[in-house]
2 protein chains.
Amino acid sequence: MKDNDDMPGHLARRFQQIAVAVFHAEVDQAGYDLTPVQYAALAAISINPGIDQVTLAGLIAYDRTTITGVVDRLVQKGLLVRNASTKDRRARELQITGEGQKTLEGIAPAVEAAQQLMLRGLTAEEAEELLRLLRKAIAAGNELSRAPLREVPEAGQGRPVK
Amino acid sequence: MKDNDDMPGHLARRFQQIAVAVFHAEVDQAGYDLTPVQYAALAAISINPGIDQVTLAGLIAYDRTTITGVVDRLVQKGLLVRNASTKDRRARELQITGEGQKTLEGIAPAVEAAQQLMLRGLTAEEAEELLRLLRKAIAAGNELSRAPLREVPEAGQGRPVK
DNA sequence: CAATATTGATCAGTATGCTGATTATCAGTA
DNA sequence: TACTGATAATCAGCATACTGATCAATATTG
């Protein structure tokens, strides 16, 4: 009977569990009320203003149905606006608000601290290696989940390599 | 502005996402209907018959409130029985059924295949190193989540090392 | 152009995972 | 023994995540 500690799936769940807990602890303490997922969405929209929800989902590897609720809550909090697109009436264009931008900036130190804290058991070299191995494993498994990472389809570019 | 690929929290979420997808794919294909969490609970109960829910939670690092629903569903499927303890009327003793044991054995190859598959982008050495680093990071962060790993408090033993 | 296929968003339903509260029971102590 | 604190389980409520379906709008093709 295999030990849980030899099961990558089990270790993945636990590491993520700790990562989320650390994120919440740091962010709450800094006086903000944002989840890791909400933060990632907000940051992505800030960098890609006017993005639609499907593209946003691909950019941060969310399921498309999860996005609806996440965006709902960010709009509710006044950090985003969601407007129907003029080019494609099916799509909604997402824009960050001033409040959203201010939140994103104010929360940055807490987010940074959380990223450090979840690696606190590792040396700098080990942390670097862990990230490298995670990136490599994720790249190989990207297409296996319903929410793979996708490039932003820039209008003025050729198709993405993959 | 930091890239998502440099954020351990983001990588943790994606790796876990892929791990769960791979688990479901393999298990479904083998003709079973068990989630990763249900599998872990079932396996832990098989090894520790008569365990109560709090101890089970500590053993596999679940939140205690999550256990209730997970056990509910396993009982519903006929893989577990949950009886009031005679020694402590607050506690419920969990036992695996014959059906549960059969499921656990039948599902083993699929679970094994899933664990391999989620590491398919890595060499054997890299996979080993990834697991080592995850274990180390998790050990350091164990107490930071609401659902830390706990030793089984064996009646006839001294206190666990940690 | 009309029929077909695809796509963006949403919804219903299920299963984690958490916070915080409640209830029943147990353990220790004044 | 009565009181106090701790503990096992559950519940309500919220936020991911996913499956599969639906609806409106766009794209493709015969």
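First the proteins, then the strands, lettered A, B, ... as listed; each starts at 1.
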Student: Tell me, which pairs form a salt bridge (charged side-chain N to carboxylate O under 4.0 Å, His left out) where one or both residues lie in residues 60-81 of chain A, sequence neighbours left out?
Tutor: A:Asp33-A:Lys77, A:Asp63-A:Arg146, A:Asp72-A:Arg82

Student: Distance-only check: which donor-acceptor pairs under 3.5 Å involve side-chain atoms of residues 130-142 of chain A, not counting sequence neighbours?
Tutor:
{"unit_1": "A:Arg132", "atom_1": "NE", "unit_2": "A:Glu129", "atom_2": "OE1", "d": "3.1"}
{"unit_1": "A:Arg132", "atom_1": "NH1", "unit_2": "B:Glu126", "atom_2": "OE2", "d": "3.4"}
{"unit_1": "A:Arg132", "atom_1": "NH2", "unit_2": "A:Glu129", "atom_2": "OE2", "d": "3.0"}
{"unit_1": "A:Arg132", "atom_1": "NH2", "unit_2": "B:Glu126", "atom_2": "OE2", "d": "3.2"}
{"unit_1": "A:Arg135", "atom_1": "NH1", "unit_2": "B:Asp5", "atom_2": "O", "d": "2.6"}
{"unit_1": "A:Arg135", "atom_1": "NH1", "unit_2": "B:Asp6", "atom_2": "OD1", "d": "3.4"}
{"unit_1": "A:Lys136", "atom_1": "NZ", "unit_2": "B:Glu126", "atom_2": "OE1", "d": "2.8"}
{"unit_1": "A:Lys136", "atom_1": "NZ", "unit_2": "B:Glu126", "atom_2": "OE2", "d": "3.0"}
{"unit_1": "A:Asn142", "atom_1": "OD1", "unit_2": "A:Leu149", "atom_2": "N", "d": "2.8"}
{"unit_1": "A:Asn142", "atom_1": "OD1", "unit_2": "B:Arg14", "atom_2": "NH1", "d": "3.0"}
{"unit_1": "A:Asn142", "atom_1": "ND2", "unit_2": "A:Leu149", "atom_2": "O", "d": "3.2"}

Student: Between A:Lys77 and B:Thr68, just flag the one whose closest nucleotide in DNA chain D comes earlier from the 5' side.
Tutor: B:Thr68

Student: Identify each donor-acceptor pair in which a side-chain atom of residues 16-31 of chain A lies under 3.5 Å from a protein atom, sequence neighbours left out, and give them as a table.
Tutor:
{"unit_1": "A:Gln17", "atom_1": "NE2", "unit_2": "B:Ala61", "atom_2": "O", "d": "2.9"}
{"unit_1": "A:His24", "atom_1": "ND1", "unit_2": "A:Val20", "atom_2": "O", "d": "3.4"}

Student: Round to the nearest Å and state the distance from A:Leu74 atom CG to D:dA15 atom P.
Tutor: 11 Å

Student: Would you say B:Arg82 places a side-chain N or O within less than 4.0 Å of OP1 or OP2 belonging to D:dA9?
Tutor: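 No, outside the criterion.
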
Student: Using a 4.0 Å cut-off on heavy atoms, which residues in residues 28-38 of chain A reach DNA chain D? List them by number, or say none.
Tutor: A:Thr35, A:Val37, A:Gln38

Student: For residues 105-116 of chain B, run the donor-acceptor check on the side chains, cut-off 3.5 Å, and write out each pair with its distance to 0.1 Å, sequence neighbours left out.
Tutor:
{"unit_1": "B:Glu105", "atom_1": "OE2", "unit_2": "B:Gln101", "atom_2": "NE2", "d": "3.4"}
{"unit_1": "B:Glu112", "atom_1": "OE2", "unit_2": "B:Gln116", "atom_2": "NE2", "d": "3.2"}
{"unit_1": "B:Gln115", "atom_1": "OE1", "unit_2": "A:Gly9", "atom_2": "N", "d": "3.0"}

Student: So which pairs with a foot in residues 48-61 of chain A pass salt bridge (charged side-chain N to carboxylate O under 4.0 Å, His left out), sequence neighbours left out?
Tutor: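 Matches after skipping sequence neighbours: none remain.
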
Student: Mind checking if B:Ala21 touches a base, just sugar-phosphate, or nothing, with heavy atoms under 4.0 Å?
Tutor: nothing

Student: Ignoring backbone atoms, establish whether B:Gln16 has a side-chain N or O less than 4.0 Å from OP1 or OP2 of D:dT16.
Tutor: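 No.
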
Student: Can you sort out the partners of A:Arg120 under salt bridge (Lys or Arg N to Asp or Glu O under 4.0 Å), two or more places apart, ordered by chain and number?
Tutor: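 For A:Arg120 there are no salt bridge (Lys or Arg N to Asp or Glu O under 4.0 Å) partners, ignoring immediate neighbours.
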
Student: In chain order, what residues pass the side chain to side chain contact (heavy atoms under 4.5 Å, CB included) check against B:Ser85, with sequence neighbours excluded?
Tutor: B:Lys87, B:Asp88, B:Ala91, B:Glu93

Student: Counting only N and O atoms by type, is there a donor-acceptor contact under 3.5 Å from the side chain of B:Thr103 to the main-chain atoms of B:Glu99?
Tutor: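 Here the side-chain-to-backbone pair exists.
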
Student: Treat primed atoms plus P, OP1 and OP2 as sugar-phosphate and everything else as base, then score nucleotides 21-28 of chain D 5' to 3': B for base contact with protein heavy atoms under 4.0 Å, S for sugar-phosphate contact only, - for none.
Tutor: B--BBS--

